[in-house]
Amino acid sequence: LLSAFSSVDCINSSVALQEAGKHVIWSYAGATPPSSLLASIRQGKVAGVIFFKDNIDSNLATHIASLKEANSQSPTKLPLLLMTDQEGGQVRRLAGEPTLSAKQIGSSSDPATEAYEAGQGAAKNLVSNGMNLNLAPVVDVYRVAGDFDDRYGRSFSNDTKVVSVCGQRFVKGQKANGVASTVKHFPGLGAAGANENTDVGPVKIGKGIQELREVDEYPYIAAIAGGVELVMPSWAVYTQVDDRPAGMSPFWITTELRGRLGFQGVTISDAIEAGGLSSYGSDDGKRSLSAISAGMDLILASGRNVSQGEEIVQTIAKAINQGTIDADDFAASTSRISKLRSSL
Ligand SMILES: *[C@@H]1O[C@H](CO)[C@@H](O)[C@H](O)[C@H]1NC(C)=O
Ligand SMILES: *[C@@H]1O[C@H](CO)[C@@H](O)[C@H](O)[C@H]1NC(C)=O
């Protein structure tokens with residue numbers, strides 16, 4: 001009886017690890033995926049991988065093929081989400097399209113066409129490298145020349161209508177080429193100043209809800225109507241509204257994004273190790289549980305080491321086993337992610 005019991009226990013825990021893993025995007029250092037990552041993929045603990053410049057060399061296709069080969073042995077019979085930040089201009093991990101920045105597109109004579117072509121170019125580039133998801137386009141509406149979004153030309157425009165058109169066209173250009181899009185950083189980082197970077201430290205945005213809705217959230221309406229697959233909430237705190245970073249806030253994720261705007265797709269976090277989350281402690285597993293309980297579907301473990309992904313998956317699995325994660329909400333979240341994976 002005792003040994004039968006412990007084998008059931010063991011099955012339960014490997015199932016919990018697989019369920020937890022469906023919510024975590026992993027990263028690694030260097031060009032060759034480490035064997036520990038391949039092993040975790042085979043065990044079904046990896047929903048996807050984010051690539052940075054140091055992961056990309058002339059053998060990228062071989063490396064991605066080895067990730068896919070490992071995934072073919074996973075009990076989770078779904079494609080990996082293979083993603084990067086291919087925004088355009090200065091923010092590109094892969095050489096090639098889109099070469100124009102969002103700012104150049106938004107200020108061109110035909111922003112709608114240029115945005116569609118940029119989305120198409122980004123998607124073709126990703127697909128030719130074996131990827132299926134872009135962490136772009138940025139639909140932040142910048143406020144002041146040289147501010148956080150404008151300094152690298154990441155915002156299409158300071159005019160929300162232009163951002164709205166460009167964001168939707170970029171999404172459609174990617175969708176037509178089989179690549180899922182991520183609009184970011186909800187509800188908007190356009191009002192952040194030049195040195196207000198949530199990767200580095202806490203950022204507070206003091207705009208009222210009316211301006212946030214009319215200016216910053218406005219492009220999400222067109223993106224959602226255009227079928228955008230993912231939304232990345234920001235790690236900024238919107239102080240007039242509540243005291244949590246948007247990605248940790250049930251108000252922003254559930255009430256505003258899913259409720260008011262009707263988004264039914266997948267939410268993906270910004271870097272879980274970001275300096276902007278310092279008030280949540282330094283444990284990325286605990287941070288992940290806070291984000292999940294606020295309604296976040298995917299956790300981005302972008303610290304470029306495999307142990308970060310492993311620790312987050314272990315922490316989520318433990319919470320599943322202890323019943324401290326809402327089972328119905330988590331199941332709904334898992335099914336949104338699985339639907340996305342099966343579509344790619
Ligand atoms: C955008 O910037 C331009 C140039 O500085 C300015 O003329 C225009 O009024 C701004 N538009 C908005 C909506 O702030
Ligand atoms: C992995 O990355 C996380 C997030 O940046 C960091 O906290 C952790 O110390 C790193 N671990 C190793 C072994 O490098």
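Side-chain atoms are counted along with the backbone in the values below, which use heavy atoms only and exclude waters and symmetry mates. Every number for a ligand or one of its atoms is a count from 1 in the order of the listing. Bear in mind the structure is a predicted one, so any value in this text is a computation, not a measurement.
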* To do: Start with the C-alpha distance between Phe251 and Glu256, add both sets of side-chain angles, then the distance that settles side chain to side chain contact (heavy atoms under 4.5 Å, CB included), and finish with yes or no.
  => CA-CA 6 Å; Phe251 171 78; Glu256 199 69 359; 3.5 Å; yes
* Can you check side chain to side chain donor-acceptor pair (under 3.5 Å) on His185 and Asp140, steps first, answer last? -> CA-CA 7 Å; His185 313 77; Asp140 294 340; 2.8 Å; yes
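Counting heavy atoms from C-beta outward, Lys184 and Glu87 have side chains that approach closer than 4.5 Å.
Under a cutoff of 6.0 Å and an axis angle of 45°, Arg304 and Phe52 form a cation-pi pair.
No donor-acceptor pair under 3.5 Å is formed between the side chain of Ser74 and the backbone N or O of Gln43.
The closest protein non-hydrogen atom to atom 13 (C) of ligand 2 is Ser307 OG, 3.4 Å. Scanning the protein for heavy atoms near atom 7 (O) of ligand 2, the closest one is Asp284 OD2, 4.3 Å. Atom 11 (N) of ligand 2 has its closest protein heavy atom at Asn305 ND2, 3.1 Å.
Here's the thing with Asn158: one of its N/O atoms is less than 3.5 angstrom from an N/O atom of ligand 1.
Within a 4.0 Å radius of atom 9 (O) of ligand 1, the protein has no heavy atom. There is no protein heavy atom less than 4.0 angstrom from atom 5 (O) of ligand 1.
A salt bridge links Glu217 with Arg260: the closest approach of a Lys/Arg side-chain nitrogen to an acidic carboxylate oxygen falls below 4.0 angstrom.
Numbered from 1 in the order shown, with element, the atoms of ligand 2 that lie under 4.0 Å from a heavy atom of Gln308 read 4 (C).
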